[in-house]
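Take a look at the structure set out below.
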Amino acid sequence: MPHDTPLISTIVGGLVLAFIFGALAHRLRMPPLVGYLIAGVLVGPHTPGYVADQSLAPELAEIGVILLMFGVGLHFSLKDLLSVRGIALPGAVVQIAFATLLGWGLGAFMGWPTGGSLVFGLALSVASTVVLLKALQERRLVETERGRIAVGWLIVEDLAMVLALVLIPAAASIGGSHGPVEPLSAGLNSLLGLDLGIGGMIAMTLVKVALFVALMLVFGRKLIPWTMHRIAHAGSRELFRLGVLAIALGVAFGAAKLFGVSLALGAFFAGMVLAESELSHRAAQESLPLRDAFAVLFFVSVGMLFDPNILIDRPLPILATVFIIVIGKSVAAFLIVLAFRKPPGTALTISASLGQIGEFSFILAALGVELGLLPEEGRDLILAGAIISIILNPLLFFLCDLMRPLLEGARREETVADPASAADAGAVQEQKPPEDDDVRPSALTGHAILIGYGRVGRIVGQNLKSSGTPFLVIEDSDKRIGELKAHGIEAFMGNAVARETLDLASLSTARSLAIAIPNAFEACRIAEQARSVNPSILIVARAHSDAEVDELKQYGADTVIMGEREIALGMVDRLAQVHHESVSYEDRREPDTIIPTGTAPPERE
């Protein structure tokens, strides 16, 4: 067996150190990704000690980007993408142009050539896929209007960067540099002697991207769901999980090699096509563990590229770079979204989401250095700006949350001060429901609070409604929120882990709390907060194992229903009706679980 195992050592070193420093960062109330970046710096070539393989780490990280974009596609339908094209397309284009202009100005000020300054500006204009999606997922915003706009904006940026990766080598070749060119154009040039030029390369790239999208929408929409259904009917969970990974990675790789589309974009379309299947939820669950693990390796690989010495050698250029990324881009995105008459909360979310850079920036920087356009100092500034902006991104979200009430209050005052605006606003509110930004605490008392309206929560909610019990729902999907409000059920959008969301549900005056979400970790945090606010409230939760049952009770749950046990009891009850005239059942493990007893076992649904 070979003793030189760079792949294993890179994965082990990256994940172990990421866990240690991620846990330390979490303990210090900082985002865990800060710890992941520090772990990358420690295993990089610019610090003493162990050095991980710098060629393997970025490739492992790319797998995380593929799986992450595939997961987003599973929750993002084509209809959602088209619904935000009116703001995402022009907004992303204007924001890219503005940030590129700022970066070009900084590069020109430092004496770089025009080509290098433009590459530098482009690298500062595109947000990180991993950071943006992770921030939206943590705040349960992916399926909201704000989340759809942010993801649509990101897709437009990715398409723009795909085009830039074709144009940069072409421009470099005209300027006398040598580098890779668009392969199909090069093939036509060698076979037929046709020199397509920059215009031909752009047209060829757009044709290939359009061909890929058309194939996915025409054939992929039928082939991918059909394949997954066939695998699911085979009854093997291992094959299903393998099929999910094969489709995500295979489509992404094929899109990159055959059509010149980015790996992330190819995976996104694969997930979006599979989202039309009823197996999309299961596919998302199966890919989640690998998605999280490889996303961690992405942050570690970014940290490996960073040279801490640049913080001492070039502090002012770093500050200027970070200013362009965090302030310049964010302000531009904020003003663009407001120009489209979106609420301030939506504008703040989009601006905070885009206030960082990531993987495409590193690709552009490496290409610029390879072609001789961008000096190595520019690459170091891009890496420093990326790491600092990623670290500052949670703080940017926090500041936006503080600014949101102030901006919304000012907006209301302007509406009241202008009678015509007030009349127009009243007419608009009569035509459509209020935005998710305009929420007020519930007026209910003695009510039940239902957390989650999925398969379990839907049944609980229907029974509460049929029994006349006053209740409200906290849900993180705007589709389900719309469905609930259409049926006259009070609902709040958000993550119930956040204290402000629970306060909107009038937790202090509620009689009961039903936690119907499957995530036991979040359920424990919800139960703990609910018990501290309302010590007398009845808390009912769900679990999938005995360990989760014990943990939920430790954090304040009164009754915990374990799904597998209840299914088994239902089967036993039904069998007892056939095989026994009378029987008594008792669950010795869980005294708090409601169990049928007596001489006549009751019917179960």
Side-chain angles (χ1 to χ4, degrees), residues 225 228-244 277-286 288-289 448-469 471 473 480 511-524 526-527 537-605:
M228 295 309 302
H229 277 280
R230 296 288 294 180
I231 297 174
H233 290 158
S236 173
R237 184 175 182 180
E238 295 178 6
L239 280 178
F240 184 85
R241 184 184 296 116
L242 183 61
V244 172
S277 168
E278 59 187 22
L279 295 173
S280 59
H281 181 72
R282 182 180 172 188
Q285 289 181 327
E286 296 293 346
L288 182 60
I449 301 175
L450 175 59
I451 310 296
Y453 202 70
R455 290 176 296 177
V456 175
R458 188 180 300 272
I459 297 174
V460 175
Q462 290 172 350
N463 280 271
L464 288 173
K465 184 176 182 180
S466 62
S467 65
T469 304
F471 77 102
V473 178
R480 293 171 182 168
R511 294 188 61 184
S512 62
L513 172 68
I515 307 175
I517 59 175
N519 189 318
F521 177 75
E522 292 188 355
C524 288
I526 295 170
I537 192 172
L538 170 68
I539 301 177
V540 182
R542 57 181 290 197
H544 293 287
S545 66
D546 291 333
E548 290 183 359
V549 172
D550 295 336
E551 189 175 12
L552 282 163
K553 287 190 174 183
Q554 180 183 353
Y555 280 92
D558 296 294
T559 302
V560 182
I561 308 297
M562 194 169 88
E564 289 78 0
R565 180 180 292 112
E566 290 301 301
I567 293 172
L569 289 173
M571 297 174 69
V572 170
D573 288 345
R574 186 56 180 155
L575 292 171
Q577 294 176 353
V578 176
H579 296 283
H580 305 282
E581 294 182 358
S582 63
V583 68
S584 177
Y585 299 100
E586 180 181 357
D587 184 0
R588 296 185 179 90
R589 176 66 177 83
E590 281 300 329
D592 290 329
T593 303
I594 302 173
I595 302 169
T597 59
T599 57
E603 288 279 356
R604 284 178 178 254
E605 287 188 89

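All figures in this text were calculated on a predicted structure; none of them were measured in a lab.
Between Leu552 atom CG and Met562 atom CE the span is 12.0 Å, to the nearest 0.5 Å. Interatomic distance, CG of Asn519 versus CZ of Arg542, reported as 10.5 Å (0.5 Å rounding). Rounding to the nearest 0.5 Å gives a distance of 9.5 Å between CG of Asp558 and CG of Leu513. Of the inter-residue distances, the one linking Arg565 atom CZ with Ser545 atom OG reads 10.0 Å to the nearest 0.5 angstrom. Of the inter-residue distances, the one linking Met571 atom CE with Glu566 atom CD reads 13.5 Å to the nearest 0.5 angstrom. Atoms CD1 and CD1, on Ile517 and Ile451 in that order, are 7.5 Å from each other to the nearest 0.5 Å.
Across every non-hydrogen atom of Ala448 and Thr469, the tightest pair is CB-CG2, 4.5 Å. Between Leu450 and Ala516 the shortest heavy-atom distance is CD1-CB, 4.1 Å. When all heavy atoms of Phe240 and Met228 are compared, the pair lying nearest together is CE1-CE, 3.5 Å.
Counting heavy atoms of neighbouring residues, nucleotides and ligands inside a 6.0 Å radius, atom CZ of Arg511 does not exceed 12 of them.
Tested against Ile539 for a side chain to side chain contact (heavy atoms under 4.5 Å, CB included), the candidates Thr559, Val560, Ile515 yield a single pass: Ile515.
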> Between Gln462 and Lys465, is a side chain to side chain contact (heavy atoms under 4.5 Å, CB included) present by the stated rule, with each step listed?
Replying inline: CA-CA 5 Å; Gln462 290 172 350; Lys465 184 176 182 180; 5.8 Å; no
Donor-acceptor contacts, no H, no angles, side chain residues 230-239, under 3.5 Å, sequence neighbours left out:
from	atom 1	to	atom 2	distance (Å)
His233	ND1	His229	O	3.3
Ser236	OG	Leu239	N	3.3
Arg237	NE	Glu286	OE2	3.1

